[in-house]
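None of these values were measured; they are calculated from a predicted model.
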Amino acid sequence: MSDALDSLPLREFPTGSAQFTTTHWSVVLEAARPEAPGAMDAFARLYQEYWYPLYAYVRRQGYSPEDAQDLTQGFFARLLEKNYVGQVEPQKGKFRSFLLAALRHFLSDQRDRDRAVKRGGGAEVLSLDAQEAEERYRLEPVDRMDAEKIYERRWAMTLLERALMRLRDESAAAGKTELFERLRSFVAGDSEVTCAEAATELGLSESAVKSAVHRLRERYRAFVREEIAHTVADPAEVEAEIRYLITVMSQ
């Protein structure tokens, strides 16, 4: 993987944020089969992972927080009601591109409808944390990003956070939660202490800490690659997506 991934700004991730599950194309396809036992759970996973990038896009279009909440919920309600996810074909592109195109169509379709229709008749099928949404949105750049750039950046950060959370879970499973929490800033590239200082705090040698940091970075890169691979249909697209991810995060 490109060494440029070392510079991705993980420090922008909110601590204590909800853990994201891995999105495979198989999850998308499962959600597209309403009769399948796990369809609703699969759809809920997609919603949990992608609601905020879409919410940020709607807000940047000039909608109020309340309208953006209604529209984001309404969009997912429409996806569920009309089974638009069933129209997704992995071989025809990236899921993030499908979602954005579908959202644009939905917003255009909703502009001439009243709020009751926008809310799907008042039925709220999935919950959106309004306070969290606005707290996160207030951290967005004010001037330099249009709605699509905001969407792409939030999508990228969601993917990177999933990779980081997988690294945390792997460390916890190995009984190394304390080590991970102390060294995660080295993975993020924003540590305010040296390896020697971290070694003293952990009761380890400096060489042991450096080795641990190296392993964490390697595993993080592997998880990022896997997460990217889950969002494209052709393995040949992974390298291009890595370059695109780096471009998005550097803006």
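Between atom OG of residue Ser64 and atom CG of residue Leu71 there is a gap of 8.5 Å, rounded to the nearest 0.5 Å. Interatomic distance, CZ of Phe223 versus CZ of Arg166, reported as 5.0 Å (0.5 Å rounding). Atom CG of Leu107 sits about 5.0 Å away from atom OH of Tyr63, to the nearest 0.5 Å. Here the straight-line distance linking atom CG of Leu100 with atom NE2 of His105 works out to 13.5 Å at 0.5 Å rounding. Note that the CD atom of Glu227 and the CD atom of Glu241 stand 13.0 Å from one another [nearest 0.5 Å]. Note: Leu167 CG to Glu218 CD = 11.5 Å, rounded to the nearest 0.5 Å.
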Is there a side-chain contact (heavy atoms from CB on, under 4.5 Å) between Leu160 and Tyr220? Walk through the geometry before answering. CA-CA 9 Å; Leu160 292 173; Tyr220 170 70; 3.3 Å; yes

Would Gln110 and Arg78 count as a side-chain contact (heavy atoms from CB on, under 4.5 Å) here? Give the steps. CA-CA 11 Å; Gln110 294 301 308; Arg78 177 71 63 84; 2.9 Å; yes

How far apart are the C-alpha atoms of Val213 and Val187, what are their side-chain angles, what is the distance that settles it, and do they pass the side-chain contact (heavy atoms from CB on, under 4.5 Å) test? CA-CA 7 Å; Val213 169; Val187 179; 5.6 Å; no

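Inter-residue side-chain proximity for Leu204 and Leu179 is flagged as met; some heavy-atom pair is nearer than 4.5 Å. The shortest distance between side-chain heavy atoms of Leu99 and Leu54 falls below 4.5 Å. Between Val209 and Cys195 the shortest side-chain heavy-atom distance falls below 4.5 Å. Between Leu245 and Val224, the closest side-chain pair of non-hydrogen atoms falls below 4.5 Å. Using a 4.5 Å cut-off on side-chain heavy atoms (C-beta onward), Glu170 and Lys176 make no contact. Between Thr158 and Pro53 the shortest side-chain heavy-atom distance falls below 4.5 Å. Residues Leu164 and Phe180 have side chains in contact (heavy-atom distance under 4.5 Å, counting atoms from C-beta outward).
Applying the side-chain hydrogen bond (donor to acceptor under 3.5 Å, both in side chains) test between Tyr57 and each of Arg104, Glu152, Glu148, Lys149 identifies Arg104 as the sole match. Of the listed residues (Trp155, Tyr55, Phe76, Phe75), just one forms a ring pair (Phe, Tyr, Trp, His ring centres under 6.0 Å) with Tyr50, and that residue is Trp155.
For Glu192, there are no side-chain hydrogen bond (donor to acceptor under 3.5 Å, both in side chains) partners two or more places apart in sequence or in a different chain. With sequence neighbours excluded, the residues satisfying side-chain contact (heavy atoms from CB on, under 4.5 Å) with Ala240 are Arg243. In this view, Arg215 satisfies the side-chain hydrogen bond (donor to acceptor under 3.5 Å, both in side chains) rule with no residue, not counting sequence neighbours. With sequence neighbours excluded, no residue satisfies side-chain hydrogen bond (donor to acceptor under 3.5 Å, both in side chains) with Glu181. Applying the side-chain hydrogen bond (donor to acceptor under 3.5 Å, both in side chains) test to Thr247 and every residue at least two apart in sequence or in another chain returns nothing. Remark: Glu178 pairs with Leu202 by the side-chain contact (heavy atoms from CB on, under 4.5 Å) rule, at least two apart or across chains.
Between the side chain of Arg59 and the backbone N or O of Ala68, no donor-acceptor pair lies under 3.5 Å. One N or O on the side chain of Arg217 and one on the backbone of Phe186 form a donor-acceptor pair closer than 3.5 Å. A donor-acceptor pair under 3.5 Å is absent between the side-chain atoms of Glu197 and the main chain of Val193, judged by distance alone.
Using a cutoff of 4.0 Å between basic side-chain nitrogens and carboxylate oxygens, Arg225 and Glu239 are scored as salt-bridged.
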